[in-house]
**Student:** 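I'd like to ask some things about the structure below.
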Amino acid sequence: MKIGFIGLGNMGAPMAANLAEAGHQVMGYDTLAPCPEDVSAAGSAAEAAKGAEVVICMLPNGEILRKVAAQVIPAMEPGAVLCDCSTVDVDSARAVAAQAAEAGLGWLDAPVSGGTGGAAAGTLTFMVGGSDRDFARVAPLFDVMGRKAVHCGEAGAGQAAKICNNMILGVTMIATCEAFALADKLGLARDKMFDVVSTSSGSSWSMNAYCPAPGIGPHSPADNGYKPGFAADLMLKDLTLAQMAAEAADADTPLGTQARELYRRFVEDEDGSGRDFSAMLPRFESRGRDS
Ligand code: NAD
């Protein structure tokens, strides 16, 4: 397939490289990052999009997606599909979907989970919003870049699934970290705490697969000095998107609101920026009830 790929950062570069390695003809564009091997470099986003059957975006946020969409949509041929894999607000996804439809183009919002490791290994999970027809057209590319693609519904449903999942993740990580810090103060050994909780009703992915306590459970960023992994900054971004969506939809999300505020303080006022999101554990460890 002829593919345009816009945004060749930490996630986009390995995803584009995997498509090229699978034999697709990939033309890439990024304002800063270099093109990976086997991906041809375009001089602009419009040039990368011209003549492509599918244009994939992997960009920082919704504002940049809207800007890039305004450049690529006029360059794309009717019938081609614009597929945004970035994590953006639901409103931006739906607005760009409407512009694509007006221009006779297909649209998918297809944010991912799996991080940079999953992008490099081709094992991402895609959460996809858009029509059956567009999903079927891009599915072979999801198979190359990932292990699983779930068609969640119409335009915007992929972003909705992503922020709901990550709101649960942020809340469970905080709950897991504060429980470890409490266990410490109660004199309960961390390995015993893990043994009990990971096989009991308090278990979650945060505890079982990504344990925030160093030296316990499977290897995780806690065992690597809390180097990300999944940066606290990105968790803050996703929790902020979840709150924007909750406000727009009038949904009551008290724990999501509190999780966003804790990650905001951690990233903006404390030492959380650039650390893994599980570094909430040393944060709680160093605090008392009134701090
Ligand atoms: P990144 O900052 O490494 O990459 C984004 C790239 O977009 C950069 O190289 C930047 O130069 C480029 N860019 C910015 N404006 C542009 C423009 N106008 N035209 C062309 N290129 C432009 O970010 P990333 O880690 O690759 O993340 C990309 C998206 O994936 C984000 O939306 C993020 O939330 C999401 N995501 C990231 C992870 C992760 O672990 N890194 C996991 C899941 C989802």
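Both counts, for ligands and for their atoms, begin at 1 and track the order of listing.
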**Student:** If the cut-off is 4.0 Å to any non-hydrogen atom of Ala33, which atoms of ligand 1 fall inside it?
**Tutor:**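 In order of number, 9 (O).
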**Student:** Show the atoms of ligand 1 that are less than 4.0 angstrom away from any heavy atom in Tyr29.
**Tutor:**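 Counting atoms of ligand 1 from 1, those under 4.0 Å from Tyr29 are 19 (N), 20 (C).
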**Student:** Sub-3.5 Å donor-acceptor pair from the side chain of Arg137 to the main-chain atoms of Val81, do we have one?
**Tutor:**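 Checking the backbone N and O of Val81 against the side chain of Arg137, no donor-acceptor pair under 3.5 Å is found.
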**Student:** Identify, by atom number and element, the atoms of ligand 1 in contact range of Leu32, meaning under 4.0 Å from any of its heavy atoms.
**Tutor:**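 By the 4.0 Å cutoff, the relevant atoms are 11 (O).
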**Student:** Please report which non-hydrogen protein atom sits nearest to atom 28 (C) of ligand 1, along with the residue it belongs to and the distance in Å to one decimal place.
**Tutor:**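 Minimum-distance protein heavy atom for atom 28 (C) of ligand 1 reads Leu59 O, 3.8 Å.
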**Student:** Note the single closest protein heavy atom to atom 26 (O) of ligand 1, along with its residue, its atom name and the distance in Å.
**Tutor:**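 Among all protein heavy atoms, the one nearest atom 26 (O) of ligand 1 is Met11 N, 2.8 Å.
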**Student:** When you check the gap from the basic side-chain N to the acidic O, do Arg190 and Asp184 get nearer than 4.0 Å?
**Tutor:**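 Looking at Arg190 and Asp184, the cut-off is met.
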**Student:** For Val68, take its heavy atoms, then give the atoms of ligand 1 lying under 4.0 Å from any of them.
**Tutor:**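 Answer, ordered by atom number: 17 (C), 18 (N), 19 (N).
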**Student:** At what distance is the nearest protein heavy atom to atom 13 (N) of ligand 1, and which residue and atom is it?
**Tutor:**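 The answer is Thr31 OG1, 3.6 Å.
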**Student:** Nearest protein heavy-atom contact for atom 4 (O) of ligand 1: which residue, which atom, what distance?
**Tutor:**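 Here the nearest protein heavy atom works out to Gly9 CA, 3.3 Å.
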**Student:** Are a donor atom and an acceptor atom from the side chains of Ser206 and Thr176 found within less than 3.5 Å of each other?
**Tutor:**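 There is no such pair between these side chains.
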**Student:** Taking only heavy atoms of Ser86 into account, list the atoms of ligand 1 that are under 4.0 Å away from them.
**Tutor:**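 By the 4.0 Å cutoff, the relevant atoms are 32 (O).
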**Student:** Please name the pair of heavy atoms, one in Ala245 and one in Ile163, separated by the smallest distance, quoted to 0.1 Å.
**Tutor:**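 Shortest heavy-atom contact: CB-CD1, 3.5 Å.
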**Student:** Report yes if some N/O of Lys237 lies less than 3.5 Å from some N/O of ligand 1; otherwise report no.
**Tutor:**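 By distance alone, the answer is yes.
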**Student:** Which of the atoms of ligand 1 are close to Ile6, meaning less than 4.0 Å from one of its heavy atoms?
**Tutor:**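 In order of numbering, the contacting atoms are 20 (C).
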**Student:** Under 3.5 Å, side chain of Lys148 to main-chain N/O of Phe126, donor-acceptor pair present?
**Tutor:**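 No: the side chain of Lys148 does not pair with the backbone of Phe126.
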**Student:** Can you establish whether the number of heavy atoms outside Glu178 located under 6.0 Å from its atom CD is more than 12?
**Tutor:**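 Counting neighbours around CD of Glu178, more than 12 heavy atoms of other residues, nucleotides or ligands fall under 6.0 Å, so yes.
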**Student:** Does the ring center of Tyr210 lie less than 6.0 Å from the ring center of Phe277?
**Tutor:**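 When the ring centroids of Tyr210 and Phe277 are compared, they turn out to be within the sub-6.0 Å range.
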**Student:** If you take all heavy atoms of Ala93 and Asp109, which pair is closest and at what distance?
**Tutor:**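 Of all heavy-atom pairs spanning Ala93 and Asp109, the closest is CB-CB, 4.3 Å.
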**Student:** Under 3.5 Å, is there a donor on one side chain and an acceptor on the other for Arg147 and Thr125?
**Tutor:**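 Arg147 vs Thr125: no donor-acceptor pair found between side chains.
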**Student:** Once you restrict to heavy atoms under 4.0 Å, what part of Asn61 touches ligand 1? Side chain, backbone, both or neither.
**Tutor:**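 No part of Asn61 is near ligand 1 at this cut-off.
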**Student:** Following the transitive rule for hydrophobic clusters with a side-chain heavy-atom cut-off under 4.5 Å over Ile, Leu, Val, Met, Phe, Trp and Tyr, establish whether Ile56 and Tyr29 coincide in one cluster.
**Tutor:**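 Ile56 does not cluster with Tyr29.
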**Student:** Suppose we measure from atom 44 (C) of ligand 1 to each protein heavy atom; which comes out shortest, and what is that distance?
**Tutor:**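 Answer for atom 44 (C) of ligand 1: Thr87 OG1, 3.7 Å.
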**Student:** Does Ile64 approach ligand 1 within less than 4.0 angstrom via side chain, backbone, both or neither, non-hydrogen atoms only?
**Tutor:**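 The part of Ile64 near ligand 1 is the side chain, not the backbone.
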**Student:** Please state which protein non-hydrogen atom is closest to atom 23 (O) of ligand 1 and give its distance, to 0.1 Å?
**Tutor:**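 Atom 23 (O) of ligand 1 sits closest to the protein heavy atom Asn10 N, 4.6 Å.
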**Student:** Return the residue, atom name and 0.1 Å-rounded distance of the protein heavy atom closest to atom 6 (C) of ligand 1.
**Tutor:**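 Of every protein heavy atom, Asp30 OD2, 3.5 Å lies nearest to atom 6 (C) of ligand 1.
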**Student:** Any non-hydrogen atom of Pro60 lying under 4.0 Å from ligand 1?
**Tutor:**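 Distance cut 4.0 Å: Pro60 passes for ligand 1.
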**Student:** Test of understanding: given a 4.0 Å heavy-atom threshold, classify the contact between Val88 and ligand 1 as side chain, backbone, both, or neither.
**Tutor:**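 For Val88, there is no contact with ligand 1 at all, from either part.
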**Student:** Could you list the residues that satisfy side chain to side chain contact (heavy atoms under 4.5 Å, CB included) with Ala46, not counting sequence neighbours?
**Tutor:**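 Ser44, Ala75.
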**Student:** Please determine if Gly115 has a nitrogen or oxygen closer than 3.5 Å to a nitrogen or oxygen of ligand 1.
**Tutor:**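 N/O-N/O distance below 3.5 Å does not exist for this pair.
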**Student:** Under 4.0 Å, counting heavy atoms only: does Lys162 come that close to any atom of ligand 1?
**Tutor:**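 Distance cut 4.0 Å: Lys162 passes for ligand 1.
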**Student:** How long is the span from the CG atom in Leu65 to the OG1 atom in Thr87, to the nearest 0.5 Å?
**Tutor:**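 Nearest 0.5 Å value for the CG-OG1 distance: 11.0 Å.
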**Student:** Is it the side chain, the backbone, both or neither of Asp238 that has a heavy atom closer than 4.0 Å to ligand 1?
**Tutor:**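 Within the 4.0 Å criterion, Asp238 makes no contact with ligand 1.
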**Student:** May I have all residue pairs that pass side chain to side chain donor-acceptor pair (under 3.5 Å) and include part of residues 45-63, sequence neighbours excluded?
**Tutor:**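 Not a single pair qualifies under side chain to side chain donor-acceptor pair (under 3.5 Å).
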**Student:** Distance alone, cut at 3.5 Å: any donor-acceptor contact between the side chains of Ser273 and Asp233?
**Tutor:**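 Yes.
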**Student:** Is ligand 1 under 4.0 Å from a heavy atom in the side chain of Met15, in the backbone, in both, or in neither?
**Tutor:**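 Contact part for Met15 vs ligand 1: neither.
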**Student:** For atom 43 (C) of ligand 1, what is the closest protein heavy atom, and at what distance to 0.1 Å?
**Tutor:**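 Checked against all protein heavy atoms, atom 43 (C) of ligand 1 sits closest to Val112 O, 3.6 Å.
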